[in-house]
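A short worksheet on the structure shown next.
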Protein chains: 2
Amino acid sequence: MTSEVQRARQSLAPYARPAVAVDLVVLTLVDGALHVLLIRRGEPPFEGKLALPGGILRVGDGEEDQGEDLDVAAVRELHEETGLESRDVLLEQFATFGRPGRDPRMRVVSVAYYALVRPELARRVRAGGDAAEARWEAVGRLDASTLAFDHEDILRVALARMREKLDTSALAFSLVPERFSIPELRAVFSAVKGEPQDPGNFRRKVKRLIEDGVLEAAPGVRRTASKPAALYRFRAASPETPARGFKSGTRSA
Amino acid sequence: MTSEVQRARQSLAPYARPAVAVDLVVLTLVDGALHVLLIRRGEPPFEGKLALPGGILRVGDGEEDQGEDLDVAAVRELHEETGLESRDVLLEQFATFGRPGRDPRMRVVSVAYYALVRPELARRVRAGGDAAEARWEAVGRLDASTLAFDHEDILRVALARMREKLDTSALAFSLVPERFSIPELRAVFSAVKGEPQDPGNFRRKVKRLIEDGVLEAAPGVRRTASKPAALYRFRAASPETPARGFKSGTRSA
DNA sequence: GTAATAGTGTCTCTAAGACATTATACT
DNA sequence: AGTATAATGTCTTAGAGACACTATTAC
(Lines give C-alpha, C1' and ligand atoms only; values in the text may rest on other atoms or scores of the structure.)
Protein backbone atom coordinates (compact mmCIF):
# COMPACT_ATOMS: atom_id res chain seq x y z
CA MET A 1 0.00 0.00 0.00
CA THR A 2 2.71 2.38 0.96
CA SER A 3 4.68 1.34 -2.06
CA GLU A 4 1.68 1.86 -4.26
CA VAL A 5 1.25 5.42 -3.11
CA GLN A 6 4.91 6.11 -3.51
CA ARG A 7 5.03 4.67 -6.97
CA ALA A 8 2.06 6.78 -7.91
CA ARG A 9 3.85 9.95 -7.00
CA GLN A 10 7.10 8.81 -8.48
CA SER A 11 5.81 7.74 -11.80
CA LEU A 12 2.46 8.96 -12.92
CA ALA A 13 2.60 7.67 -16.45
CA PRO A 14 1.29 4.11 -16.14
CA TYR A 15 -2.10 5.12 -14.78
CA ALA A 16 -5.16 5.26 -16.98
CA ARG A 17 -6.36 8.82 -17.34
CA PRO A 18 -9.75 10.46 -17.56
CA ALA A 19 -10.63 13.12 -20.07
CA VAL A 20 -10.73 16.54 -18.46
CA ALA A 21 -13.31 19.04 -19.65
CA VAL A 22 -14.28 22.58 -18.77
CA ASP A 23 -18.00 23.27 -18.50
CA LEU A 24 -19.54 26.72 -18.34
CA VAL A 25 -22.63 27.96 -16.54
CA VAL A 26 -23.15 31.17 -18.51
CA LEU A 27 -25.74 33.33 -16.79
CA THR A 28 -27.43 36.61 -17.47
CA LEU A 29 -30.51 38.49 -16.40
CA VAL A 30 -33.40 38.88 -18.84
CA ASP A 31 -36.48 40.76 -17.67
CA GLY A 32 -35.53 40.26 -14.06
CA ALA A 33 -35.09 36.49 -14.39
CA LEU A 34 -31.88 34.47 -14.43
CA HIS A 35 -31.20 32.80 -17.75
CA VAL A 36 -28.58 30.20 -18.54
CA LEU A 37 -26.97 29.60 -21.92
CA LEU A 38 -27.67 26.11 -23.21
CA ILE A 39 -26.84 24.18 -26.35
CA ARG A 40 -29.05 21.64 -28.04
CA ARG A 41 -27.11 18.44 -28.49
CA GLY A 42 -27.04 17.06 -32.01
CA GLU A 43 -25.61 13.64 -31.28
CA PRO A 44 -25.77 10.91 -28.70
CA PRO A 45 -25.49 10.63 -25.85
CA PHE A 46 -28.40 12.78 -24.71
CA GLU A 47 -29.20 13.68 -28.30
CA GLY A 48 -31.78 16.44 -28.47
CA LYS A 49 -31.30 17.45 -24.85
CA LEU A 50 -29.92 20.75 -23.69
CA ALA A 51 -26.41 20.93 -22.27
CA LEU A 52 -24.04 23.44 -20.80
CA PRO A 53 -21.40 24.70 -23.20
CA GLY A 54 -17.97 23.30 -22.61
CA GLY A 55 -15.09 21.47 -24.12
CA ILE A 56 -11.99 19.44 -23.61
CA LEU A 57 -8.92 20.83 -21.87
CA ARG A 58 -5.92 21.07 -24.16
CA VAL A 59 -2.95 19.38 -22.58
CA GLY A 60 -0.40 19.50 -25.41
CA ASP A 61 1.74 16.40 -25.59
CA GLY A 62 1.66 16.38 -21.83
CA GLU A 63 5.42 16.56 -21.39
CA GLU A 64 7.26 19.27 -23.30
CA ASP A 65 4.09 21.20 -24.01
CA GLN A 66 1.74 20.86 -21.07
CA GLY A 67 -1.03 22.80 -22.79
CA GLU A 68 -3.34 25.50 -21.49
CA ASP A 69 -4.34 26.49 -17.97
CA LEU A 70 -7.83 25.65 -16.75
CA ASP A 71 -8.81 29.32 -16.64
CA VAL A 72 -7.50 29.79 -20.17
CA ALA A 73 -9.55 26.86 -21.38
CA ALA A 74 -12.63 28.40 -19.79
CA VAL A 75 -11.98 31.72 -21.51
CA ARG A 76 -11.37 29.96 -24.82
CA GLU A 77 -14.54 27.91 -24.61
CA LEU A 78 -16.52 30.96 -23.64
CA HIS A 79 -15.22 32.80 -26.66
CA GLU A 80 -15.76 29.90 -29.04
CA GLU A 81 -19.31 29.34 -27.94
CA THR A 82 -20.51 32.86 -27.32
CA GLY A 83 -18.06 35.27 -28.91
CA LEU A 84 -17.65 36.97 -25.54
CA GLU A 85 -14.27 38.20 -24.38
CA SER A 86 -13.00 37.46 -20.91
CA ARG A 87 -12.91 41.14 -19.99
CA ASP A 88 -16.65 41.32 -20.57
CA VAL A 89 -17.61 38.68 -18.04
CA LEU A 90 -16.88 37.44 -14.56
CA LEU A 91 -15.51 33.93 -14.99
CA GLU A 92 -14.89 31.90 -11.88
CA GLN A 93 -14.19 28.25 -11.17
CA PHE A 94 -16.58 26.89 -8.57
CA ALA A 95 -16.43 23.09 -8.45
CA THR A 96 -15.29 19.93 -10.21
CA PHE A 97 -17.54 17.04 -11.15
CA GLY A 98 -16.20 13.57 -11.77
CA ARG A 99 -18.77 10.96 -10.90
CA PRO A 100 -18.11 7.75 -12.81
CA GLY A 101 -20.76 7.26 -15.46
CA ARG A 102 -21.69 10.91 -15.77
CA ASP A 103 -20.64 10.59 -19.38
CA PRO A 104 -21.53 7.14 -20.66
CA ARG A 105 -18.82 7.19 -23.32
CA MET A 106 -15.88 7.42 -21.00
CA ARG A 107 -14.60 8.81 -17.76
CA VAL A 108 -14.76 12.60 -17.86
CA VAL A 109 -13.81 14.98 -15.07
CA SER A 110 -15.36 18.41 -15.61
CA VAL A 111 -14.04 21.55 -14.03
CA ALA A 112 -17.00 23.92 -13.85
CA TYR A 113 -17.01 27.70 -14.13
CA TYR A 114 -19.76 30.21 -13.94
CA ALA A 115 -19.68 33.14 -16.34
CA LEU A 116 -21.75 36.22 -15.54
CA VAL A 117 -22.76 38.27 -18.55
CA ARG A 118 -24.13 41.80 -18.51
CA PRO A 119 -27.62 41.98 -20.01
CA GLU A 120 -26.60 44.32 -22.81
CA LEU A 121 -23.99 41.81 -24.00
CA ALA A 122 -26.29 38.85 -23.71
CA ARG A 123 -28.26 39.87 -26.78
CA ARG A 124 -25.20 39.61 -28.96
CA VAL A 125 -24.49 36.06 -28.03
CA ARG A 126 -26.65 34.24 -30.55
CA ALA A 127 -25.51 36.41 -33.40
CA GLY A 128 -21.83 36.64 -32.59
CA GLY A 129 -21.03 33.27 -31.17
CA ASP A 130 -19.83 30.19 -32.90
CA ALA A 131 -22.53 27.98 -31.54
CA ALA A 132 -25.51 28.71 -33.74
CA GLU A 133 -27.76 26.59 -31.56
CA ALA A 134 -27.00 28.42 -28.30
CA ARG A 135 -30.03 29.77 -26.48
CA TRP A 136 -30.90 31.44 -23.24
CA GLU A 137 -33.26 29.49 -21.02
CA ALA A 138 -34.92 30.82 -17.89
CA VAL A 139 -33.37 28.99 -14.96
CA GLY A 140 -36.67 28.79 -13.15
CA ARG A 141 -38.42 27.08 -16.03
CA LEU A 142 -36.01 24.18 -16.38
CA ASP A 143 -37.64 21.01 -15.16
CA ALA A 144 -35.71 17.95 -14.18
CA SER A 145 -34.27 15.84 -16.98
CA THR A 146 -34.18 18.56 -19.58
CA LEU A 147 -30.43 18.79 -19.20
CA ALA A 148 -27.89 16.30 -20.47
CA PHE A 149 -25.27 14.53 -18.33
CA ASP A 150 -25.18 15.82 -14.73
CA HIS A 151 -25.52 19.38 -15.91
CA GLU A 152 -28.51 19.96 -13.69
CA ASP A 153 -26.29 19.25 -10.68
CA ILE A 154 -23.66 21.59 -12.03
CA LEU A 155 -26.20 24.36 -12.51
CA ARG A 156 -27.61 23.86 -9.04
CA VAL A 157 -24.19 24.02 -7.42
CA ALA A 158 -23.34 27.14 -9.41
CA LEU A 159 -26.46 28.91 -8.21
CA ALA A 160 -25.86 27.82 -4.63
CA ARG A 161 -22.34 29.18 -4.70
CA MET A 162 -23.52 32.43 -6.21
CA ARG A 163 -26.10 32.82 -3.49
CA GLU A 164 -23.34 32.41 -0.93
CA LYS A 165 -21.12 35.00 -2.52
CA LEU A 166 -23.74 37.51 -3.54
CA ASP A 167 -23.59 39.52 -0.33
CA THR A 168 -19.86 39.28 0.20
CA SER A 169 -18.37 39.85 -3.25
CA ALA A 170 -18.68 42.11 -6.24
CA LEU A 171 -20.43 39.35 -8.17
CA ALA A 172 -23.72 41.22 -8.59
CA PHE A 173 -22.08 44.05 -10.51
CA SER A 174 -21.29 41.62 -13.34
CA LEU A 175 -24.98 40.99 -13.97
CA VAL A 176 -25.97 44.64 -14.51
CA PRO A 177 -24.92 47.12 -17.19
CA GLU A 178 -21.69 48.93 -16.50
CA ARG A 179 -23.79 51.93 -15.53
CA PHE A 180 -26.75 50.67 -13.57
CA SER A 181 -29.63 51.92 -11.49
CA ILE A 182 -30.34 50.76 -7.99
CA PRO A 183 -33.53 48.97 -9.08
CA GLU A 184 -31.50 47.07 -11.68
CA LEU A 185 -29.07 45.93 -9.05
CA ARG A 186 -31.97 45.03 -6.82
CA ALA A 187 -33.37 42.84 -9.58
CA VAL A 188 -30.12 40.86 -9.57
CA PHE A 189 -30.40 40.22 -5.86
CA SER A 190 -34.03 39.28 -6.16
CA ALA A 191 -33.31 36.85 -8.99
CA VAL A 192 -30.29 35.18 -7.42
CA LYS A 193 -31.79 34.95 -3.95
CA GLY A 194 -35.13 33.91 -5.34
CA GLU A 195 -37.13 36.39 -3.31
CA PRO A 196 -38.01 40.06 -3.76
CA GLN A 197 -35.83 42.60 -2.02
CA ASP A 198 -37.39 45.50 -0.16
CA PRO A 199 -36.78 48.67 -2.22
CA GLY A 200 -36.12 50.95 0.72
CA ASN A 201 -33.85 48.64 2.62
CA PHE A 202 -31.94 47.66 -0.49
CA ARG A 203 -31.39 51.27 -1.43
CA ARG A 204 -30.01 51.98 1.99
CA LYS A 205 -27.52 49.15 1.59
CA VAL A 206 -26.37 50.47 -1.77
CA LYS A 207 -26.06 53.97 -0.39
CA ARG A 208 -23.57 52.69 2.12
CA LEU A 209 -21.47 51.31 -0.71
CA ILE A 210 -21.42 54.74 -2.26
CA GLU A 211 -20.33 56.35 1.00
CA ASP A 212 -17.62 53.73 1.28
CA GLY A 213 -16.38 54.40 -2.23
CA VAL A 214 -17.28 51.02 -3.65
CA LEU A 215 -19.74 52.62 -6.05
CA GLU A 216 -19.90 56.07 -7.52
CA ALA A 217 -22.55 58.14 -9.25
CA ALA A 218 -22.50 57.93 -13.03
CA PRO A 219 -23.91 60.37 -15.57
CA GLY A 220 -27.31 59.85 -17.15
CA VAL A 221 -30.50 58.27 -16.01
CA ARG A 222 -32.23 54.98 -16.70
CA ARG A 223 -35.61 55.54 -18.28
CA THR A 224 -38.35 53.30 -17.00
CA ALA A 225 -42.11 52.97 -17.25
CA SER A 226 -42.40 55.68 -14.63
CA LYS A 227 -39.87 57.80 -12.82
CA PRO A 228 -36.32 57.53 -14.22
CA ALA A 229 -33.59 56.20 -11.96
CA ALA A 230 -30.13 57.60 -11.29
CA LEU A 231 -27.13 55.60 -12.44
CA TYR A 232 -24.08 54.35 -10.61
CA ARG A 233 -20.99 52.41 -11.50
CA PHE A 234 -18.68 50.02 -9.76
CA ARG A 235 -15.37 51.64 -8.92
CA ALA A 236 -12.56 49.60 -10.43
CA ALA A 237 -9.94 48.14 -8.17
CA SER A 238 -6.94 50.34 -7.56
CA PRO A 239 -3.70 49.27 -5.88
CA GLU A 240 -4.28 51.43 -2.83
CA THR A 241 -8.00 50.84 -2.59
CA PRO A 242 -8.74 47.29 -3.66
CA ALA A 243 -12.18 46.68 -5.05
CA ARG A 244 -14.75 45.52 -2.60
CA GLY A 245 -18.19 44.17 -2.98
CA PHE A 246 -20.99 44.05 -0.53
CA LYS A 247 -19.64 43.76 2.97
CA SER A 248 -16.16 42.80 1.97
CA GLY A 249 -14.52 45.44 4.09
CA THR A 250 -14.78 47.04 7.46
CA ARG A 251 -16.90 50.10 7.51
CA SER A 252 -14.97 51.89 10.18
CA ALA A 253 -14.20 55.58 10.28
CA MET B 1 -14.08 26.12 -35.03
CA THR B 2 -17.64 25.09 -34.56
CA SER B 3 -16.84 21.70 -35.96
CA GLU B 4 -13.92 21.40 -33.63
CA VAL B 5 -16.11 21.92 -30.61
CA GLN B 6 -18.69 19.52 -31.90
CA ARG B 7 -16.15 16.86 -32.62
CA ALA B 8 -14.79 17.27 -29.13
CA ARG B 9 -18.14 16.49 -27.58
CA GLN B 10 -18.93 13.74 -30.02
CA SER B 11 -15.73 11.86 -29.71
CA LEU B 12 -13.59 12.49 -26.71
CA ALA B 13 -11.13 9.71 -27.22
CA PRO B 14 -8.52 11.24 -29.55
CA TYR B 15 -7.53 14.01 -27.17
CA ALA B 16 -4.42 13.79 -25.06
CA ARG B 17 -5.32 13.56 -21.42
CA PRO B 18 -3.84 14.88 -18.22
CA ALA B 19 -3.34 12.82 -15.12
CA VAL B 20 -5.93 13.64 -12.49
CA ALA B 21 -4.93 13.62 -8.86
CA VAL B 22 -6.62 14.27 -5.54
CA ASP B 23 -4.65 16.36 -3.06
CA LEU B 24 -5.54 16.73 0.60
CA VAL B 25 -5.11 19.66 2.95
CA VAL B 26 -5.40 17.77 6.23
CA LEU B 27 -5.75 20.22 9.10
CA THR B 28 -6.00 20.01 12.83
CA LEU B 29 -5.52 22.22 15.86
CA VAL B 30 -2.51 21.66 18.11
CA ASP B 31 -2.08 23.95 21.10
CA GLY B 32 -4.34 26.54 19.56
CA ALA B 33 -2.48 26.67 16.27
CA LEU B 34 -3.54 25.25 12.90
CA HIS B 35 -1.34 22.41 11.71
CA VAL B 36 -1.29 20.78 8.29
CA LEU B 37 -0.24 17.23 7.54
CA LEU B 38 2.76 17.10 5.22
CA ILE B 39 4.88 14.38 3.73
CA ARG B 40 8.60 14.56 3.05
CA ARG B 41 9.23 13.69 -0.57
CA GLY B 42 11.78 10.96 -1.12
CA GLU B 43 12.26 11.36 -4.87
CA PRO B 44 12.46 14.07 -7.48
CA PRO B 45 10.89 16.33 -8.37
CA PHE B 46 11.08 18.44 -5.22
CA GLU B 47 13.03 15.72 -3.43
CA GLY B 48 13.37 16.50 0.24
CA LYS B 49 10.61 19.10 0.21
CA LEU B 50 7.33 18.79 2.02
CA ALA B 51 4.16 18.07 0.09
CA LEU B 52 0.47 17.62 0.67
CA PRO B 53 -0.67 14.02 0.74
CA GLY B 54 -2.53 12.92 -2.35
CA GLY B 55 -2.67 10.44 -5.13
CA ILE B 56 -3.91 9.55 -8.55
CA LEU B 57 -7.60 9.14 -9.31
CA ARG B 58 -8.48 5.61 -10.30
CA VAL B 59 -10.42 5.60 -13.52
CA GLY B 60 -10.70 1.88 -14.29
CA ASP B 61 -10.37 1.10 -17.96
CA GLY B 62 -12.28 4.29 -18.60
CA GLU B 63 -15.11 2.62 -20.51
CA GLU B 64 -16.75 -0.37 -18.91
CA ASP B 65 -15.31 0.41 -15.50
CA GLN B 66 -15.10 4.14 -15.05
CA GLY B 67 -13.39 3.86 -11.68
CA GLU B 68 -13.97 5.72 -8.43
CA ASP B 69 -15.70 9.02 -7.69
CA LEU B 70 -13.58 12.02 -6.74
CA ASP B 71 -14.92 12.01 -3.20
CA VAL B 72 -14.17 8.31 -2.90
CA ALA B 73 -10.63 8.89 -4.05
CA ALA B 74 -10.25 11.59 -1.41
CA VAL B 75 -11.52 9.25 1.30
CA ARG B 76 -9.26 6.47 0.09
CA GLU B 77 -6.17 8.66 0.02
CA LEU B 78 -6.99 10.02 3.44
CA HIS B 79 -7.22 6.51 4.79
CA GLU B 80 -4.08 5.30 3.06
CA GLU B 81 -1.99 8.17 4.27
CA THR B 82 -3.38 8.77 7.75
CA GLY B 83 -5.46 5.76 8.74
CA LEU B 84 -8.40 8.05 9.36
CA GLU B 85 -11.91 7.02 8.40
CA SER B 86 -14.20 9.36 6.52
CA ARG B 87 -16.70 9.45 9.39
CA ASP B 88 -14.00 10.92 11.61
CA VAL B 89 -13.30 13.97 9.48
CA LEU B 90 -14.97 16.69 7.47
CA LEU B 91 -13.81 16.18 3.91
CA GLU B 92 -14.79 18.77 1.34
CA GLN B 93 -13.69 19.60 -2.19
CA PHE B 94 -12.77 23.25 -2.50
CA ALA B 95 -10.91 23.92 -5.76
CA THR B 96 -9.06 22.36 -8.68
CA PHE B 97 -5.54 23.24 -9.74
CA GLY B 98 -4.27 22.60 -13.24
CA ARG B 99 -1.64 25.14 -14.19
CA PRO B 100 0.65 23.71 -16.87
CA GLY B 101 4.06 23.00 -15.42
CA ARG B 102 2.90 22.64 -11.84
CA ASP B 103 4.28 19.12 -12.04
CA PRO B 104 7.37 19.08 -14.25
CA ARG B 105 6.96 15.43 -15.18
CA MET B 106 3.65 15.77 -16.93
CA ARG B 107 0.34 17.56 -17.00
CA VAL B 108 -1.50 16.94 -13.75
CA VAL B 109 -4.86 18.36 -12.75
CA SER B 110 -5.36 18.17 -9.00
CA VAL B 111 -8.74 18.27 -7.35
CA ALA B 112 -8.12 19.57 -3.85
CA TYR B 113 -9.97 18.72 -0.65
CA TYR B 114 -9.58 19.93 2.86
CA ALA B 115 -9.91 17.40 5.67
CA LEU B 116 -10.58 18.67 9.18
CA VAL B 117 -9.41 16.36 11.94
CA ARG B 118 -10.38 16.53 15.59
CA PRO B 119 -7.37 17.12 17.85
CA GLU B 120 -7.80 13.87 19.74
CA LEU B 121 -7.58 11.91 16.49
CA ALA B 122 -4.63 13.86 15.17
CA ARG B 123 -2.23 12.17 17.56
CA ARG B 124 -2.99 8.77 16.11
CA VAL B 125 -2.05 9.77 12.62
CA ARG B 126 1.66 9.10 12.66
CA ALA B 127 1.27 5.76 14.35
CA GLY B 128 -1.72 4.46 12.43
CA GLY B 129 -1.21 5.76 8.95
CA ASP B 130 0.54 4.22 6.05
CA ALA B 131 2.80 7.15 5.42
CA ALA B 132 5.50 6.79 8.00
CA GLU B 133 6.97 10.15 7.10
CA ALA B 134 3.79 12.13 7.64
CA ARG B 135 4.12 15.02 10.08
CA TRP B 136 2.09 17.91 11.37
CA GLU B 137 3.52 21.33 10.61
CA ALA B 138 2.26 24.59 12.04
CA VAL B 139 0.65 26.53 9.21
CA GLY B 140 1.99 29.80 10.49
CA ARG B 141 5.59 28.64 10.46
CA LEU B 142 5.70 27.54 6.84
CA ASP B 143 7.80 29.93 4.86
CA ALA B 144 7.66 30.22 1.13
CA SER B 145 9.29 27.47 -0.91
CA THR B 146 9.16 24.82 1.75
CA LEU B 147 6.34 23.11 -0.09
CA ALA B 148 6.63 21.11 -3.30
CA PHE B 149 4.71 21.81 -6.52
CA ASP B 150 2.07 24.55 -6.10
CA HIS B 151 1.03 23.15 -2.76
CA GLU B 152 1.54 26.48 -1.09
CA ASP B 153 -1.15 27.92 -3.37
CA ILE B 154 -3.43 25.02 -2.59
CA LEU B 155 -2.95 25.50 1.14
CA ARG B 156 -3.59 29.21 0.88
CA VAL B 157 -6.81 28.73 -1.06
CA ALA B 158 -7.97 26.10 1.42
CA LEU B 159 -7.48 28.46 4.33
CA ALA B 160 -9.19 31.30 2.50
CA ARG B 161 -12.21 29.14 1.79
CA MET B 162 -12.34 27.98 5.38
CA ARG B 163 -12.29 31.54 6.59
CA GLU B 164 -15.25 32.28 4.34
CA LYS B 165 -17.25 29.34 5.60
CA LEU B 166 -16.30 29.47 9.26
CA ASP B 167 -19.17 31.73 10.28
CA THR B 168 -21.79 30.22 8.03
CA SER B 169 -21.26 26.48 8.31
CA ALA B 170 -20.66 23.78 10.86
CA LEU B 171 -17.02 23.56 9.83
CA ALA B 172 -15.61 24.66 13.18
CA PHE B 173 -17.18 21.73 15.01
CA SER B 174 -14.91 19.36 13.06
CA LEU B 175 -11.79 20.89 14.59
CA VAL B 176 -12.78 20.37 18.23
CA PRO B 177 -13.38 17.16 20.20
CA GLU B 178 -16.85 15.73 19.89
CA ARG B 179 -17.55 17.17 23.33
CA PHE B 180 -15.96 20.56 23.50
CA SER B 181 -15.80 23.61 25.72
CA ILE B 182 -16.57 27.10 24.52
CA PRO B 183 -12.95 28.19 24.91
CA GLU B 184 -11.90 25.27 22.70
CA LEU B 185 -14.31 26.36 20.00
CA ARG B 186 -13.08 29.89 20.41
CA ALA B 187 -9.54 28.70 19.79
CA VAL B 188 -10.65 27.31 16.43
CA PHE B 189 -12.09 30.65 15.42
CA SER B 190 -9.02 32.49 16.60
CA ALA B 191 -6.72 30.17 14.68
CA VAL B 192 -8.67 30.14 11.43
CA LYS B 193 -9.40 33.85 11.44
CA GLY B 194 -5.90 34.64 12.59
CA GLU B 195 -6.97 37.00 15.34
CA PRO B 196 -8.07 36.48 18.93
CA GLN B 197 -11.78 36.34 19.62
CA ASP B 198 -13.27 38.21 22.54
CA PRO B 199 -14.24 35.65 25.19
CA GLY B 200 -17.44 37.36 26.26
CA ASN B 201 -18.74 38.12 22.80
CA PHE B 202 -17.84 34.68 21.52
CA ARG B 203 -19.60 33.00 24.38
CA ARG B 204 -22.72 35.00 23.67
CA LYS B 205 -22.66 33.83 20.05
CA VAL B 206 -22.34 30.21 21.10
CA LYS B 207 -25.14 30.59 23.62
CA ARG B 208 -27.44 31.58 20.81
CA LEU B 209 -26.60 28.33 19.05
CA ILE B 210 -27.63 26.45 22.15
CA GLU B 211 -30.93 28.31 22.34
CA ASP B 212 -31.49 27.54 18.69
CA GLY B 213 -30.81 23.85 19.21
CA VAL B 214 -27.66 23.72 17.10
CA LEU B 215 -25.61 22.76 20.14
CA GLU B 216 -26.56 21.06 23.38
CA ALA B 217 -24.98 20.71 26.78
CA ALA B 218 -22.89 17.58 27.24
CA PRO B 219 -21.89 15.81 30.44
CA GLY B 220 -18.53 16.40 32.07
CA VAL B 221 -16.16 19.31 32.20
CA ARG B 222 -12.91 20.16 30.51
CA ARG B 223 -10.11 20.58 33.01
CA THR B 224 -7.80 23.47 32.36
CA ALA B 225 -5.01 25.31 34.12
CA SER B 226 -7.65 27.19 36.10
CA LYS B 227 -11.41 27.00 36.21
CA PRO B 228 -12.87 23.99 34.36
CA ALA B 229 -15.19 24.64 31.43
CA ALA B 230 -18.56 23.12 30.66
CA LEU B 231 -18.91 20.89 27.62
CA TYR B 232 -21.24 21.00 24.64
CA ARG B 233 -21.79 18.96 21.56
CA PHE B 234 -22.99 19.55 18.05
CA ARG B 235 -26.48 18.21 17.51
CA ALA B 236 -26.47 15.77 14.63
CA ALA B 237 -28.62 16.46 11.63
CA SER B 238 -32.09 15.01 11.75
CA PRO B 239 -34.56 14.86 8.88
CA GLU B 240 -36.95 17.34 10.47
CA THR B 241 -34.30 19.63 11.90
CA PRO B 242 -31.37 19.73 9.52
CA ALA B 243 -28.04 20.53 11.07
CA ARG B 244 -27.02 24.11 11.03
CA GLY B 245 -23.83 25.86 11.76
CA PHE B 246 -23.19 29.41 12.71
CA LYS B 247 -25.80 31.64 11.15
CA SER B 248 -27.04 29.12 8.67
CA GLY B 249 -30.65 29.55 9.61
CA THR B 250 -33.11 32.24 10.49
CA ARG B 251 -33.32 32.91 14.16
CA SER B 252 -36.98 33.73 14.19
CA ALA B 253 -39.51 32.69 16.78
C1' DG C 1 -55.09 63.46 -13.61
C1' DT C 2 -53.58 58.62 -12.63
C1' DA C 3 -50.46 54.87 -12.31
C1' DA C 4 -46.04 53.41 -11.36
C1' DT C 5 -42.02 53.43 -9.19
C1' DA C 6 -37.83 56.13 -7.66
C1' DG C 7 -36.39 57.80 -3.52
C1' DT C 8 -36.77 59.17 1.75
C1' DG C 9 -37.75 58.50 6.49
C1' DT C 10 -38.99 55.94 10.78
C1' DC C 11 -39.31 52.34 14.16
C1' DT C 12 -37.84 47.93 15.93
C1' DC C 13 -34.87 44.20 16.69
C1' DT C 14 -30.74 41.47 16.30
C1' DA C 15 -26.07 41.04 16.63
C1' DA C 16 -21.27 42.65 16.91
C1' DG C 17 -17.67 45.01 19.49
C1' DA C 18 -15.62 46.88 23.54
C1' DC C 19 -15.25 46.54 27.61
C1' DA C 20 -15.99 45.77 33.28
C1' DT C 21 -17.22 42.36 36.72
C1' DT C 22 -17.94 38.05 39.17
C1' DA C 23 -17.17 33.09 40.02
C1' DT C 24 -14.48 29.00 40.43
C1' DA C 25 -11.03 26.29 39.75
C1' DC C 26 -5.55 25.12 40.05
C1' DT C 27 -0.96 26.10 42.23
C1' DA D 1 -3.40 33.65 48.94
C1' DG D 2 -2.65 34.51 44.29
C1' DT D 3 -3.33 33.56 39.45
C1' DA D 4 -5.80 32.26 35.56
C1' DT D 5 -9.71 32.01 33.13
C1' DA D 6 -14.62 30.57 32.85
C1' DA D 7 -18.80 32.86 32.90
C1' DT D 8 -21.92 36.97 33.20
C1' DG D 9 -23.39 41.59 32.37
C1' DT D 10 -23.52 46.41 30.34
C1' DC D 11 -23.25 49.96 26.95
C1' DT D 12 -22.88 51.43 22.23
C1' DT D 13 -23.34 51.06 17.40
C1' DA D 14 -24.19 48.95 12.75
C1' DG D 15 -27.27 46.84 10.05
C1' DA D 16 -31.52 44.09 8.70
C1' DG D 17 -36.48 44.09 8.21
C1' DA D 18 -40.96 46.04 8.02
C1' DC D 19 -43.14 49.34 6.88
C1' DA D 20 -45.33 54.54 5.75
C1' DC D 21 -44.56 58.42 3.05
C1' DT D 22 -43.00 61.77 -0.68
C1' DA D 23 -41.32 62.97 -5.38
C1' DT D 24 -41.10 62.61 -10.23
C1' DT D 25 -41.81 60.69 -14.37
C1' DA D 26 -44.77 58.28 -18.38
C1' DC D 27 -49.32 57.74 -20.13
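Labels below follow one simple rule: chain letters A, B, ... track the order of the sequence lines, proteins then strands, and each chain is numbered from 1.
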Study note, to complete from the structure: With B for base contact, S for sugar-phosphate-only contact and - for none (protein heavy atoms under 4.0 Å), nucleotides 19-27 of chain D reads B---BBBS-

Exercise for review: Carefully, step by step, assess A:Val188 and A:Phe180 under the rule side chain to side chain contact (heavy atoms under 4.5 Å, CB included).
Suggested key: CA-CA 11 Å; A:Val188 170; A:Phe180 59 88; over 6 Å; no

Check your understanding: A:Lys207 side chain N/O closer than 4.0 Å to the phosphate oxygens (OP1, OP2) of C:dG7?
Key -> no

Practice item. On the 0 to 90° scale, with breaks at 30° and 60°, tag the A:Phe234-A:Phe173 ring pair as parallel, tilted or perpendicular. Key: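 Ring orientation, 0 to 90° scale: parallel.
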
Check your understanding: Do the ring planes of B:Phe97 and B:Phe94 sit parallel (below 30°), tilted (30 to 60°) or perpendicular (above 60°)?
Key -> perpendicular

Exercise for review: With DNA chain C as reference, determine whether A:Ala230 or A:Arg204 sits nearer its 5' end, using the nearest nucleotide of each.
Suggested key: A:Ala230

Point to revise | B:Arg203 side-chain proximity, nearest of C:dT8, D:dA6, C:dA16 | key: D:dA6

Taking [X] first and then [Y], would you say they form a salt bridge - that is, a charged N and a carboxylate O separated by under 4.0 Å?
X: B:Glu137; Y: B:Arg135; answer: yes
X: A:Asp198; Y: A:Arg204; answer: no
X: A:Lys165; Y: A:Glu92; answer: yes

Review point. For residues 176-187 of chain A, which residues have at least one heavy atom under 4.0 Å from DNA chain C?
Key: A:Pro183, A:Arg186

Check your understanding: Around B:Glu85, counting heavy atoms of other residues, nucleotides and ligands shown, do more than 12 lie under 6.0 Å from its CD?
Key -> yes

Practice item. May I have the step-by-step check of side chain to side chain contact (heavy atoms under 4.5 Å, CB included) for A:Val36 and A:Val26, ending in yes or no? Key: CA-CA 6 Å; A:Val36 59; A:Val26 187; 5.7 Å; no

